Amino acid sequence: MISVKKTLTAMVSCVFALTATAQDADMDKFVSDLMSRMTLQEKIGQLNLQVAGDITTGQAQDTQVAGLIKSGGMGGVFNLKGVDKIKALQKVAVEQSRLGIPLLVGMDVIHGYETIFPIPFALSCSWDMSAIEEAARIAAKEASADGINWVFSPMVDICVDARWGRVSEGNGEDPYLGSQIAKAMIRGYQGDYSSNANVMACLKHFALYGAVESGLDYNTVDMSRLRMFNQYFPPYKAAVEAGAGSIMSSFNVVDGIPATANKWLLDDVLRNLWKFDGFVATDYGSIGEMITHGVGGDLKRASALALNAGTDMDMCSMGFIGTLEQSVKDGTVSEEAINTACRRVLEAKYKLGLFADPYKYCDTKRRKRDIFTADNRAAARRIAAETFVLLKNQDNLLPLKREGKIALIGPLANTRANMAGTWCVAYTPDKYSTLKEGFERALKGKAELLYAQGCNLMADSLRQRAAEFGKTIERGDDAALKAEALAVAARADVIVCAMGESADMSGECASRSDLRLPDVQRELLAELVKLGKPVVMLNFSGRPTVLTWEQDNVDAILNVWFGGSETADAVCDVLFGDVAPSGRLSMTFPRATGQLPMYYNHMNTGRPVPEGTKDFRKYATNWLDNVNDPLYPFGYGLTYTTFSYGKPVVTGSGRNFKASVTVTNTGSRDAYEVVQLYMRDPVASVVRPVKELKGFSRVMLKAGESKEVVLDITEKELSYYNAEGRQVFEPGKFDIMLGHDSRSLQSVSITAE
Ligand code: BGC
């Protein structure tokens, strides 16, 4: 046996210097040779993915997981932390299974490993692709230093309904911005797989998961193909083009068929149209859930449907490993279909270099060297500061001076576990600072810091649900906490409120039907405002929330999302002016939850009302009890300076244009501006959105400096996708809009042919 393994290793290690095509040929040969020696059940074993659990080598010998690994019944494991444990498990696969095929070792590394970056939604508000790529690269470096070779990220599901808690894991509402981010993250995670600091990405959740009705998690999705291809599919497609090694299918139905068993989705679109050449894994237990959806009827039939539709790996349903062999005997699944899926999984292992060195990701010396290092933390702090969005800054209250008495009040001010945000499987909260500790460092010797919690997270029985995973905030009676806070605030020159959602009020299964600040926090904030002192609100949130009252009553609002392990220092960097805020919203903030779904790139009805309309118009598309406009539009964000825009100019002809505009920093400090380009096709064969982002540039402008920003418009930007997913260009007039956000724009018309 050992000699077989040695031959495999030798065969692989010599191929790396060859060209890509030669490598492909070698991979084919290697995988074919290996598969020729595999039994049907061993091939099916490669399609099985399980949670490994926290097991040591000794125990591993006895668990079901270890048993499966030894019998060749496991292709991968996930969410096991610790390189020693992982190495032990890999050893079982390599030394104790018949063919010694190494395991994929996955994890939900969503926004960092131990060094935690801001939640993905926050990262998307940086509009900084190099920062996002860097965050992914560091996450991959840390995860791989601890034995992980496969990360379940990026999540690129477009969402236009902030009630959905998983907005926090994605990149907001825009297909263009989402596509740029998807590519940056794939580059960051995967590189070219040549180093053991790169891992395989798993793009998720394919597809349309963000379109669950009413933002209720796992709910039904139903939409036209035109909308799929133009609004929801582009980020998945972009990630595929960037070389995503694997894809996770989604929990929801697409066109009435669970994504897990949707042949149109997995075969026609993903593989045939987009040429995806990696493997598809299900989401957690999705094959089993098909039965609950009402498709398949039992695990055996559901598994056969999933495999035949193009699913390669079964996460946690035990459907493939338990039933496919029988289905082959029964003739409902062909051996060829199993061969195809098995080949894809083996190819992924080959590309990762696991056959050349099964312990490539098990270098136990790396842990100390690469994880939670000073450099990684410095990057996380710098990047976190880029994600905060300044929503309001009355009379330039911010940045605050480090002087006098500053009161820090609110349930998010003194919690360690909540700073990192949702989905951080490997996080080490004890090593992170509370916001209060950050303030103490930032103000030491300069200003007096006063502190009071002020209230619990929320008043009622929902508390428990919002503090999963032990991230509890509650510390006592609300009335007593409020009285204490008001007394503390009365002594202060300025009040900084750390309020909003707890980390687990967003993320998976965290849909909310009322996006206002939770009750007791609202009451406390109103009392604090009544004191008549300047009030700054630091809004912690994993999604857009409703801040209508706050916009009217609070002097300054900085949305800080969940900034990761370095939140505390990053918030201070911006609040006290060492860094000028540069975040821009990647999702619309509504005025009321009832306006949702809400997004800037909507279509016109036959009876639209113009932007900015205040008065109700009967028989037009407007709300009886609210205006149509959002509170803060897509692309919006202030900073500590002001910018002015010159007149935009568009030059070019045919299908190639250049849009340019001169932007000037008219204030007194240096800052980044994100120049945004939108487009509208006002006359087309199908109704097109009122505007769509088609380009942007994040530029640093020194105080007083002017820069010309030039953005390209090509056939791609001028086209849309038809219901078959083919790009269509229709000549004619196009409106090109340039400016600061999706509302503050100047327009130029062009004719493209
Ligand atoms: C989530 C996925 C995640 C998987 C594995 C599921 O519940 O939807 O995003 O990757 O669990 O943990």
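Whatever order the structure lists ligands and atoms in, that order sets their numbers, starting from 1. Owing to the predicted nature of the structure, the values given are computational and were not obtained by experimental measurement.
Taking the salt bridge (Lys or Arg N to Asp or Glu O under 4.0 Å) definition, one finds that R343 meets it with nothing, sequence neighbours left out.
In this structure, atom 12 (O) of ligand 1 lies nearest to the protein heavy atom D108 OD2, 2.4 Å.
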| query | How far apart are the C-alpha atoms of E142 and T115, what are their side-chain angles, what is the distance that settles it, and do they pass the side chain to side chain donor-acceptor pair (under 3.5 Å) test? | reply | CA-CA 8 Å; E142 290 202 2; T115 303; 2.5 Å; yes
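Residue M107 does not touch ligand 1, judged by heavy-atom distances below 4.0 Å.
Distance alone, capped at 3.5 Å, is enough to place a donor-acceptor pair between the Q190 side chain and the G245 backbone.
Of the polar atoms of D283, at least one N or O is found under 3.5 Å from an N or O of ligand 1, judged by distance alone. Between H205 and ligand 1, at least one pair of N/O atoms sits closer than 3.5 Å.
Looking at I247, V345, T340 one by one, the single match for side-chain contact (heavy atoms from CB on, under 4.5 Å) with F279 turns out to be V345.
Ligand 1 places these atoms under 4.0 Å from at least one heavy atom of F78: 5 (C), 12 (O). Close contacts of ligand 1 with E508, meaning ligand atoms under 4.0 Å from a residue heavy atom, involve 1 (C), 6 (C), 7 (O), 8 (O). Against a heavy-atom cut-off of under 4.0 Å, F251 is close to the following atoms of ligand 1: 6 (C), 7 (O), 8 (O).
Within the 4.0 Å heavy-atom shell around ligand 1 one finds W423. Ligand 1 is never approached by E169 to a heavy-atom distance shorter than 4.0 Å. Within the structure, ligand 1 has M248 among the residues with a heavy atom less than 4.0 angstrom away.
Counting only residues at least two apart or on different chains, the salt bridge (Lys or Arg N to Asp or Glu O under 4.0 Å) pairs with a member in residues 233-248 are K237-E241.
Side-chain contact check for D157 and Y236: at least one donor-acceptor pair (N or O, by modelled atom type) lies under 3.5 Å. Side-chain contact of T545 with R512: a donor-acceptor pair under 3.5 Å is absent, judged by distance alone.
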